[in-house]
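Here the structure is laid out as structure tokens; the discussion comes afterwards.
A note on names: the letters A, B, ... follow the listed sequences, proteins ahead of strands, and every chain is numbered from 1.
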Amino acid sequence: MDKYEPATVERKWQEVWERERAFYVEDPAPGSAERPKFYMLEMLPYPSGHLHMGHVLNYTLGDVLTHFHRRHGSTVLRPMGFDSFGLPAENAAIAEGGHPREITEENIVNIRRQMRRLGWAIDWDRETSAHEPEYYRWTQWLFLKFLEAGLAYRKQAPVNWCPNDQTVLANEQVVDGRCERCGAEVEARNLEQWFFRITAYADALIDDHALIDWPERTKAIQRNWIGRSEGAEVLFKVEELDEDIPVFTTRPDTLFGATFFVLAPEHPLVARIDSDEVRAYARRAVARPAEERAAGGEKTGVETGLHVVNPVNGERLPVWVADYVLIDYGTGAIMAVPAHDERDREFAETFGLPIVEVVAGAGTLVNSDRFDGLEAAAGGRAIVEWLEEQGRAQPTLNYRLRDWSFSRQRYWGSPIPVVYCDGCGIVPVPEDELPVLLPDVEDYRPKGQPPLASNEEWLNVPCPRCGGAGRREAETMDTFVDSSWYFLRYCDPRNDQAPFERALVDYWMPIDQYIGGIDHATGHLLYSRFFVKVLNDWGMVGFREPFARLFHQGWVTQGGTKMSKSKGNVSGPDQLAELYGADAVRLTILFMGPADQAMEWTPDGVEGMGRFLRRLWRVVNEAAEAAPGKAGNGALARKAHETIAKVSDDIGRRRHYNTPIAAIMELVNELAPRTSDPAARFAAEAAVSLIQPYAPHVAEELWERLGHSRLWEQPWPEADPALLERETFELVVQVNGKVRDRFEVPAGLSEDELVEQALSSPRVQAQIDGRELRKKIVVPGKLVNLVV
RNA sequence: GCGGCGGUGGCGCAACCGGCUGACGCGAUCGACUCAAAAUCGAUUGCCCUUCGGGGCUUGUGGGUUCGAAUCCCACCCGCCGCACCA
């Protein structure tokens with residue numbers, strides 16, 4: 001028998017698959033869907049450097065499912081592409097010199113090579129990258145549709161500003177209130193920004209969770225992020241100005257307990273108060289780093305001298321300005337109820353303000369006039385109803401979710417296709433002039449102005465509407481815009497008339513299984529759902545959710561922290577694949593533990609996996625030499641059938657991807673000393689067939705040696721239910737709940753016969769020790785428990 | 001503070017619906033092969049006691065339900081993750 005040489009075997013089969021285009025799929029002719037479709041997708045990689053073991057876990061998981069579903073008869077679409085715009089490429093270019101495009105494309109070439117080396121079953125014909133003009137042309141086109149529909153707009157908003165680097169930073173680039181790169185303290189600045197109106201879909205994003213099979217915790221994170229709270233908006237009149245100020249409250253039941261009133265320092269009313277003390281406080285509070293302000297601690301504030309009237313009882317309440325009230329939640333003003341809100345209480349205690357209890361311990365209203373005695377929730381509804389009749393309140397929903405800021409003052413992203421014109425304002429670039437190509441610039445370092453603004457030739461264009469002097473938008477789109485629709489483009493990747501054809505996306509979508517990190521719960525996974533809902537409302541797609549089923553792979557950590565290029569703690573698969581083979585690496589990462597839990601990467605397991613594959617090689621080769629015997633119904637045949645049942649159930653139903661490997665190992669362990677058993681051939685075929693999604697190269701080679709071909713197209717094996725029935729089983733006998741003996745008995749004995757068998761055991765008799773039997777518990781097929 | 005996840009041998013973990021705890025692998029120990037080592041093959045491997053028959057203990061802690069609990073319930077401890085002066 002020849003030696004197992006993974007490098008040779010793997011090269012051989014990778015060439016065969018490529019030559020035969022084994023994993024490329026054609027779009028169906030209309031109405032010819034006799035095979036069900038299955039859209040398998042993992043979150044696309046960011047092409048920074050090399051793949052690390054986190055990627056290997058992600059894509060190997062997807063690969064297992066790709067093979068599993070292919071062999072269950074589905075046409076599996078499993079495309080690949082690159083999230084190739086964005087800051088890391090730009091930062092790498094700044095650090096190493098060179099153009100972000102060159103660095104990105106070099107990285108793509110390298111990652112593609114790594115992916116092929118690992119043998120992942122990918123339809124490379126559909127490869128698409130965000131930075132290709134053929135792709136971002138349609139990102140821009142979609143932006144224009146959003147703009148036209150009023151779902152993209154520009155407004156002043158606070159952003160993170162690094163005074164040292166002279167640039168706006170994304171939230172992800174701010175670590176503990178400091179610039180990730182230079183360490184300078186980040187300031188809040190009010191700048192004009194582009195936004196997507198994702199808040200218009202807040203309810204749909206919560207409600208449609210009912211339509212998708214996602215981990216409960218991911219839905220919880222999204223719900224939490226969207227933060228829908230039910231309450232009421234109540235109008236308080238400012239006595240001195242004779243003006244109504246609305247507040248949002250989730251506790252209208254506590255209205256009678258309001259003892260003061262607080263404005264956020266940014267509240268427009270504050271600027272109109274003629275007091276040096278108030279102005280000074282507001283200025284200080286606004287300048288305070290957001291991080292510090294959010295940290296809480298000692299309450300600060302100043303009294304304004306103004307008063308509001310509580311609409312429920314006409315009481316005059318003093319108006320304060322305090323920075324514990326946030327301008328961007330609710331209305332930026334609150335009624336303060338120190339008896340029933342911890343923060344209000346703290347403030348009241350600091351400044352000696354009165355505290356009035358209005359909800360008694362049992363949850364009924366007190367000190368609340370004619371609402372006394374009502375249960376709190378019902379009382380709140382009654383109070384709002386009563387105020388509503390007087391036009392002083394209405395029930396309201398409030399959200400924590402903010403609109404999505406997507407413009408970046410950076411170079412390496414899709415240009416935003418609009419022109420500013422003094423006469424016409426913001427003018428969209430006409431569709432037939434798309435894409436607005438990303439031009440080269442002298443220096444793409446951020447210097448307070450978006451880098452594109454330095455390219456005068458590109459920047460200055462006539463206004464598309466009036467022909468007068470115009471200026472292009474120099475900001476670029478965040479890369480999350482690109483990744484909000486890439487999965488649609490894979491369905492129709494070469495279309496040059498539209499982003500995609502509806503018939504094609506309606507055929508392939510929604511994605512049947514999506515795999516990616518939970519870190520995208522409030523970003524990519526929310527944005528993509530938003531995009532699809534908008535496209536659905538426009539009739540461009542026939543579905544409301546992009547990802548029907550979602551699985552999060554766990555972090556792969558090294559030294560206790562998540563592997564990532566920016567942390568510098570990465571280990572890649574290349575060297576291990578050379579030493580032990582891609583199959584061993586694939587098996588190792590999936591065998592380390594449950595795929596959805598964090599795992600600390602250590603290469604120790606690869607050696608053991610190499611050992612297992614050599615063992616598999618030897619045992620299957622030996623079994624292949626044996627004349628094809630009849631599988632029969634002996635112990636080995638039964639073990640093979642049990643393994644088929646176990647592996648199929650684990651992958652298909654339980655979404656456990658480590659335990660099938662253990663089950664196949666058990667089968668191989670049983671087969672090893674019995675390669676001349678009549679069932680040896682059958683057991684070997686089962687082991688090879690079952691390991692194929694995990695270790696497709698060695699499986700294919702061994703399958704050929706067993707005298708067959710094209711395992712990747714063979715139907716998934718099925719367990720014979722008759723063989724899963726056992727003729728005998730191991731009876732466990734307990735005395736008073738403790739196991740005292742176990743032995744084989746024939747299946748199908750009656751309960752009395754089982755008790756009889758149990759009592760026949762000398763060990764059991766010794767434990768009973770002549771005492772009287774009080775109770776006999778019989779679990780057929782399993783155990784007898786004798787209580788004495 | 002709110003929400004979520006987890007705690008089982010020296011280690012990674014398995015035990016699916018309340019029924020044999022520790023499958024599978026790593027590591028370790030012993031043996032075979034070898035001049036020797038590696039590789040490979042075989043055996044042992046939760047802890048304690050043992051007269052070697054066996055006995056006791058064991059799933060973070062304490063309680064409860066049950067014939068029987070890693071699994072269900074209550075309280076608590078520890079670790080990780082998300083959100084957070086959100087009214």
Inset, instruction - Please determine, for the side chain of A:Y329, which listed nucleotide (B:A87, B:A84, B:A39) has the closest atom? - result: B:A87

Inset, instruction - Just label B:G53 as syn or anti from its O4'-C1'-N9-C4 or O4'-C1'-N1-C2 angle, using within 90° of 0 for syn. - result: syn

Inset, instruction - Answer syn or anti for B:C83, where the cut-off is 90° from 0 on the glycosidic torsion. - result: anti

Inset, instruction - Could you check which of B:C86, B:A39, B:C67 has an atom nearest any side-chain atom of A:R614? - result: B:A39

Inset, instruction - Would you classify B:G42 as syn or anti? Syn applies when the glycosidic angle is within 90° of 0. - result: anti

Inset, instruction - Considering only atom P, compute the distance from B:A15 to B:C20 and round it to an integer number of Å. - result: 13 Å

Inset, instruction - Look at all strands and tell whether A:E730 reaches a base, only sugar-phosphate, or nothing, counting heavy atoms closer than 4.0 Å. - result: base

Legend entry - Minimum-distance nucleotide (side-chain atoms of A:R654 versus B:A87, B:C16, B:C83): B:C16

Legend entry - Nearest to side-chain heavy atoms of A:R343, which nucleotide of B:C86, B:C67, B:G27: B:C86

Inset, instruction - Describe the nucleic acid contact of A:R345 in one word from base, sugar-phosphate, nothing, applying a heavy-atom distance below 4.0 Å. - result: nothing

Inset, instruction - Give the minimum heavy-atom separation between A:I198 and A:D403, together with the two atoms involved. - result: N-OD1, 3.1 Å

Legend entry - Nearest-Å distance for atom pair CD/P, residues A:Q597 and B:G7: 7 Å

Legend entry - Listed nucleotide nearest any side-chain atom of A:F591, set B:A87, B:G25, B:C16: B:G25

Inset, instruction - Determine the Euclidean distance between corresponding P atoms of B:U44 and B:A23; express it in Å to zero decimal places. - result: 12 Å

Inset, instruction - With heavy atoms under 4.0 Å as the rule, sort A:R615 into base, sugar-phosphate or nothing. - result: sugar-phosphate

Inset, instruction - Assign A:V247 to base, sugar-phosphate, or nothing according to its heavy-atom contacts below 4.0 angstrom with the strands shown. - result: nothing

Inset, instruction - Would you mind telling me which of B:C24, B:A87, B:C83 lies closest to the side-chain atoms of A:E666? - result: B:C24

Inset, instruction - Assess whether atom NZ of A:K219 is packed by more than 12 heavy atoms of other residues, nucleotides or ligands within 6.0 Å. - result: yes

Inset, instruction - Remember a base hit wins even if backbone is also touched, and classify A:D328 as base, sugar-phosphate or nothing at under 4.0 Å, heavy atoms. - result: nothing

Legend entry - Of A:D650 and A:A662, the one whose closest RNA chain B nucleotide lies more 5': A:D650

Inset, instruction - Rounded to whole angstrom, note down the C1' distance from B:U40 over to B:C48. - result: 36 Å

Legend entry - Distance, rounded to the nearest Å, where A:M665 contributes CE and B:G12 contributes C1': 12 Å

Legend entry - A:Y657 ring center near A:F551 ring center (under 6.0 Å): yes

Inset, instruction - Look at the side chain of A:V732 and decide which nucleotide, out of B:C20, B:A39, B:G19, has an atom nearest to it. - result: B:C20

Inset, instruction - Specify the separation, in whole Å, of atom NZ of A:K299 and atom C1' of B:A87. - result: 12 Å

Legend entry - Row check, A:Y324 ring normal vs A:K299 NZ/CZ: under 6.0 Å, within 45°: yes

Inset, instruction - Please determine, for the side chain of A:D604, which listed nucleotide (B:C26, B:A15, B:G4) has the closest atom? - result: B:C26

Inset, instruction - Identify which nucleotide among B:C20, B:U40, B:C57 has an atom closest to any side-chain atom of A:K738, counting heavy atoms from C-beta outward. - result: B:C57

Legend entry - Aromatic ring pairing A:W404/A:Y527, orientation class (parallel under 30°, perpendicular over 60°, tilted between): parallel

Inset, instruction - Using whole Å, report how far CD of A:Q767 lies from C1' of B:G68. - result: 16 Å

Inset, instruction - Tell which nucleotide pairs with B:A36, taking only Watson-Crick or G-U wobble pairs whose two distances are both under 3.5 angstrom. - result: none

Legend entry - Atom-pair distance (CZ on A:F551; C1' on B:C5), nearest Å: 14 Å

Legend entry - Between B:G68 (P) and A:R774 (CZ): distance, integer Å: 11 Å

Legend entry - Under 3.5 Å donor-acceptor pair, A:N224 side-chain atoms to B:C83 base atoms: no

Inset, instruction - Any chance you could lay out the ring pair (Phe, Tyr, Trp, His ring centres under 6.0 Å) test for A:F260 and A:F347, step after step, and finish with the verdict? - result: CA-CA 10 Å; A:F260 57 104; A:F347 192 85; 5.5 Å; yes

Inset, instruction - Could you work out the separation of B:C49 and B:G53 based on their C1' atoms and round it to a whole Å? - result: 14 Å

Legend entry - Strand partner of B:C13, provided both Watson-Crick or wobble distances fall under 3.5 Å: none

Inset, instruction - Take A:I334 and A:M592, find for each the nucleotide of RNA chain B with the closest heavy atom, and name the residue whose nucleotide sits nearer the 5' end. - result: A:M592

Inset, instruction - Confirm from the modelled atom types if A:Q734 and B:G19 form a donor-acceptor pair under 3.5 Å, side chain to base only. - result: yes

Legend entry - Pairing nucleotide - B:U51, Watson-Crick or G-U, each distance under 3.5 Å: none

Legend entry - Cationic tip of A:R223 above A:W214 ring, under 6.0 Å, 45° of axis: no

Legend entry - Under 3.5 Å: donor-acceptor pair, side chain of A:R774, backbone of A:V787: no

Inset, instruction - Using a 4.0 Å heavy-atom cut-off across all strands, classify A:G227 as base, sugar-phosphate, or nothing. - result: nothing

Inset, instruction - Check whether the side chain of A:R400 and the base of B:C86 form a donor-acceptor pair under 3.5 Å. - result: no

Legend entry - Rounded C1' spacing from B:U58 to B:A69 in Å: 14 Å

Inset, instruction - Identify whether any heavy atom of A:K646 sits under 4.0 Å from a base atom; if not, whether one sits that close to sugar-phosphate; answer base, sugar-phosphate or nothing. - result: base

Legend entry - Euclidean distance for P, B:C30 against B:A38 (whole angstrom): 12 Å

Legend entry - Residue matched to B:G1 through Watson-Crick or wobble contacts both under 3.5 angstrom: B:C83

Legend entry - Below 4.0 Å: OP1/OP2 of B:G56 and any side-chain N or O of A:R740: yes

Inset, instruction - For nucleotides B:G18 and B:G68, find the distance between their C1' atoms and express it as a whole number of Å. - result: 8 Å

Inset, instruction - When you get a sec, tell me which of B:A15, B:C67, B:C26 is the closest nucleotide to the side chain of A:R611? - result: B:C26

Legend entry - Base partner of B:A43, which must satisfy Watson-Crick or wobble distances under 3.5 Å: B:U29

Inset, instruction - For the residue pair A:F547 and A:H524, categorise the inter-ring angle as parallel (less than 30°), tilted (30 to 60°) or perpendicular (more than 60°). - result: tilted

Inset, instruction - Check every strand shown and say whether A:V779 touches a base, only sugar-phosphate, or nothing at a heavy-atom separation below 4.0 Å. - result: base

Inset, instruction - Rounded to the nearest angstrom, tell me the gap between atom CZ in A:R217 and atom C1' in B:G4. - result: 8 Å

Inset, instruction - Find the distance A:M599:CE to B:G6:P and express it as a whole number of Å. - result: 15 Å

